[in-house]
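Just so you know, these numbers come straight off a predicted model, no measurement behind them. Keep in mind that the numbers below use all heavy atoms, side chains included, and drop hydrogens, waters and symmetry copies.
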Amino acid sequence: PALALAERSAELARQCSDLPTLGWALMLVGRAHACLGNHLQAFEAANEAYALLSAGGDPAHRLWALNICSLMVWAGGDVDRAIELLRNGLAATAGRLELSASRSAMVRSP
């Protein structure tokens, strides 16, 4: 049910051209797919969310989307690329106190 709701939210946000909400919804779609073991779908949704949230100026949620991407790359067996994505995310938080919670969450993720 969570995946269907997230996908519906993304669909509605896309219809309304509400890009920040679409980014959040796609991040949830990615998270739901990840929980279901659908790594490719999770990566695709989170990657699109990452781009949208970047354009929308939402760095904290952008890091969450990047974290989902890195976890899915890691789950797919590309550890080097997953580490690279995490490093990029951590570098983006350097010197930004408002992103310290997002940085901590990235480091603690399984």
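Side-chain contact between Leu12 and Leu22 is absent, with no heavy atoms from C-beta onward closer than 4.5 Å. Between Gln15 and Glu11, some side-chain heavy-atom pair lies under the 4.5 Å cut-off.
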What donor-acceptor contacts under 3.5 angstrom involve side-chain atoms of residues 27-35, with partners at least two apart or in another chain?
from  : atom 1 : to    : atom 2 : distance (Å)
His33 : ND1    : Asn38 : ND2    : 3.0

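Listed by first and then second residue, the salt bridge (Lys or Arg N to Asp or Glu O under 4.0 Å) pairs involving residues 72-86 are Arg81-Glu84 (not counting sequence neighbours).
Scanning all heavy atoms of the two residues, the minimum distance from Tyr50 to Arg62 falls at OH-NH2, 2.8 Å. Among all heavy-atom pairs drawn from Ala25 and Ala6, the shortest one is CB-O, 4.1 Å.
Separating the CG atom in Leu71 from the CG atom in Leu66 is a distance of 9.5 Å, to the nearest 0.5 Å. Note: Trp24 CH2 to Thr21 OG1 = 5.0 Å, rounded to the nearest 0.5 Å. Once rounded to the nearest 0.5 Å, the distance linking CH2 of Trp64 with SG of Cys69 reads 13.5 Å. Distance CG/Leu3 to CZ/Arg8: 14.0 Å, rounded to 0.5 Å. To the nearest 0.5 angstrom, Leu26 atom CG is 9.5 Å from Glu7 atom CD. Here the straight-line distance linking atom CG of Leu19 with atom CG of Leu53 works out to 10.0 Å at 0.5 Å rounding.
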